Undergrad: 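First the structure, then my questions, so here it is.
Just follow the structure's listing: the first ligand is 1, and inside any ligand the first atom is 1. Note that the structure is a prediction, hence the values are computed from the model and not measured.
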Amino acid sequence: MIDIKRNILITGGAGFIGSHLVRLLVNKYPDYRIVNMDVLTYAGNLANLKDIEDKTNYEFVKCDICDFEKVQKVFLDYQIDGVIHLAAESHVDRSIKDPFSFAQTNVMGTLSLLQAAKFAWDGNFDDKLFYHVSTDEVYGSLGEDGFFTEETAYDPHSPYSASKASSDHFVRSFQDTFGLPTVISNCSNNYGSYQFPEKLIPLFINNICNNKPLPVYGKGENVRDWLYVEDHARAIDLIFHKGKVGETYNIGGFNEWKNIDLIKVMIKTVDRLLGREEGASEKLITYVTDRAGHDLRYAIDSTKLKDELGWEPSLQFEEGIEKTVKWYLENSEWLENVTSGAYQKYYEDMYK
Ligand code: NAD
Ligand code: DAU
């Protein structure tokens, strides 16, 4: 019998970053019970957690974070004392098509969790923490120079980033109004295994493999700061345990890439690994209409996290992208499954 020291609720644990975080914490802390709350949208896939699903310190609860009564019950049933909140609608292009679902999940869902934590902990906040995982997109867009710091004013442009900014404000308001112990981190673009192939890197790897056009928005000149997802998960673990209550931490890779340059690296890597002639797939590059409200550049200054908690990215980008491309090539079944939507039918039947 293991003596359970903590009961941690992770929301969105079947998604891309969430599944890496769940895996890390379940393996690293056998004396924590990790409760993964996820409603399994198109982006949530329990196959991402196959390797740890039978661990005794892991529980999955299918639950919509907006379902306040059910969320409250989970807090009580599992005696939750820490929350790491990742569940969200996360894709900018979808937020342009359907902003309502972003306000619903990202704002109302976060509020539902905050309120449930407040009720469950009922003023006894010792050793409790509500950790909200957010994005650098809340800071808006940079010009050629400069970085986002924790002091940068919020200036979101897409419905996605507006909904995340709003959720960050709600989190701070619960800290200031009710004394709920909270911490927020704002991270740059993640890449790695198990990312749903609607986001740039897995979408393009999949398209290069299948000789499909690569839809580059605008001139491909937008800049993103890429971080390997396992480094993000490590940062979250560190901030959850060592971060100061009430603080915000920026997480980034100091690894800026213009989209078109990154796309060429992906083409080169996939072509080499598939034994194609160098640059053979460059013909797939197709410039398309730009994303509406497309932020030009994101770049995170994560000096605070380094100076205060000693975190640094562990992986060089070249190594990270090589590992990532290899993973998608070796896991074509996972990719086929999520692109065909077959797994969703399975969950509909399994969790009626
Ligand atoms: P994702 O889209 O891969 O996963 C989201 C998960 O949340 C899915 O498992 C989905 O089923 C679940 N979910 C969605 N709505 C839900 C609801 N109403 N109730 C319960 N579960 C629900 O997202 P991701 O890329 O892993 O991002 C996770 C978090 O990190 C998000 O909050 C996102 O804003 C933030 N973030 C992402 C990045 C990135 O580059 N991907 C960077 C910085 C911050
Ligand atoms: O910065 C953190 C954010 O990074 C997270 O909060 C979001 O959840 C995550 O989706 C990501 O947002 P982006 O919009 O930066 O990621 P995406 O992969 O959608 O796009 C990366 C860049 O590539 C962006 O400039 C748009 C461009 N792009 C994207 C797609 C899907 C294309 O040119 N073509 C495409 O088909």
Undergrad: Checking salt bridge (charged side-chain N to carboxylate O under 4.0 Å, His left out) against Arg297, which of Glu221, Glu256, Glu137 comes through?
TA: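 The single option meeting the salt bridge (charged side-chain N to carboxylate O under 4.0 Å, His left out) with Arg297 is Glu256.
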Undergrad: Is it true that a side-chain atom of Ser302 and a backbone atom of Asn250 form a donor plus acceptor pair closer than 3.5 Å?
TA: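 Not a single qualifying donor-acceptor pair exists.
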Undergrad: Measuring from Asp38:CG to Leu86:CG, what's the distance to the nearest 0.5 Å?
TA: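 Reported value, rounded in 0.5 Å steps: 10.0 Å.
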Undergrad: Side-chain contact test, heavy atoms from C-beta onward, threshold under 4.5 Å: evaluate it for Leu21 versus Ile84 and give yes or no.
TA: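 Heavy-atom side-chain distance check passes, below 4.5 Å.
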Undergrad: List for me each residue that meets salt bridge (Lys or Arg N to Asp or Glu O under 4.0 Å) alongside Lys268, sequence neighbours excluded, and say none if there are none.
TA: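 Counting only residues at least two positions away or on another chain, Lys268 forms a salt bridge (Lys or Arg N to Asp or Glu O under 4.0 Å) with Glu278.
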Undergrad: Please confirm whether the ring centroid of Phe317 lies under 6.0 Å from the ring centroid of Tyr191.
TA: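 Between Phe317 and Tyr191, the centre distance is under 6.0 Å.
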Undergrad: Do Lys199 and Phe16 form a cation-pi contact, if we require the NZ or CZ to be under 6.0 Å from the six-membered ring centre and within 45 degrees of the ring's axis?
TA: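 No, Lys199 does not sit over the ring of Phe16.
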Undergrad: Pairs in or reaching into residues 81-125: which pass ring-ring contact (aromatic ring centres under 6.0 Å, His included), with residues at least two apart or in two chains?
TA: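 ring-ring contact (aromatic ring centres under 6.0 Å, His included) check on residues 81-125 returns His85-His132.
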Undergrad: Can you check side chain to side chain donor-acceptor pair (under 3.5 Å) on Asn186 and Thr135, steps first, answer last?
TA: CA-CA 4 Å; Asn186 296 80; Thr135 171; over 6 Å; no
Undergrad: I'd like the contact residues of ligand 2, where contact means a heavy atom below 4.0 Å.
TA: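 Residue list for ligand 2: Ser90, His91, Val92, Thr135, Asp136, Glu137, Tyr160, Cys187, Ser188, Asn189, Glu198, Lys199, Leu200, Leu203, Phe204, Pro215, Val216, Tyr217, Asn222, Arg224, Asn259, Arg291, His294, Tyr298.
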Undergrad: Tabulate distances under 3.5 Å between N/O atoms of ligand 1 and N/O atoms of the protein, writing both atom names on each line.
TA:
from: ligand 1; atom 1: 2 (O); to: Ser90; atom 2: OG; distance (Å): 2.7
from: ligand 1; atom 1: 3 (O); to: Phe16; atom 2: N; distance (Å): 3.0
from: ligand 1; atom 1: 9 (O); to: Gly15; atom 2: N; distance (Å): 2.9
from: ligand 1; atom 1: 9 (O); to: Asp38; atom 2: OD1; distance (Å): 3.3
from: ligand 1; atom 1: 9 (O); to: Asp38; atom 2: OD2; distance (Å): 2.5
from: ligand 1; atom 1: 11 (O); to: Asp38; atom 2: OD1; distance (Å): 2.6
from: ligand 1; atom 1: 11 (O); to: Thr41; atom 2: N; distance (Å): 3.0
from: ligand 1; atom 1: 11 (O); to: Thr41; atom 2: OG1; distance (Å): 3.1
from: ligand 1; atom 1: 18 (N); to: Asp64; atom 2: OD1; distance (Å): 2.9
from: ligand 1; atom 1: 19 (N); to: Ile65; atom 2: N; distance (Å): 3.0
from: ligand 1; atom 1: 21 (N); to: Val39; atom 2: N; distance (Å): 3.2
from: ligand 1; atom 1: 23 (O); to: Ser90; atom 2: OG; distance (Å): 3.3
from: ligand 1; atom 1: 26 (O); to: Phe16; atom 2: N; distance (Å): 3.4
from: ligand 1; atom 1: 26 (O); to: Ile17; atom 2: N; distance (Å): 2.8
from: ligand 1; atom 1: 32 (O); to: Leu86; atom 2: O; distance (Å): 2.8
from: ligand 1; atom 1: 32 (O); to: Lys164; atom 2: NZ; distance (Å): 2.7
from: ligand 1; atom 1: 34 (O); to: Tyr160; atom 2: OH; distance (Å): 2.7
from: ligand 1; atom 1: 34 (O); to: Lys164; atom 2: NZ; distance (Å): 3.1
from: ligand 1; atom 1: 40 (O); to: Asn190; atom 2: N; distance (Å): 2.9

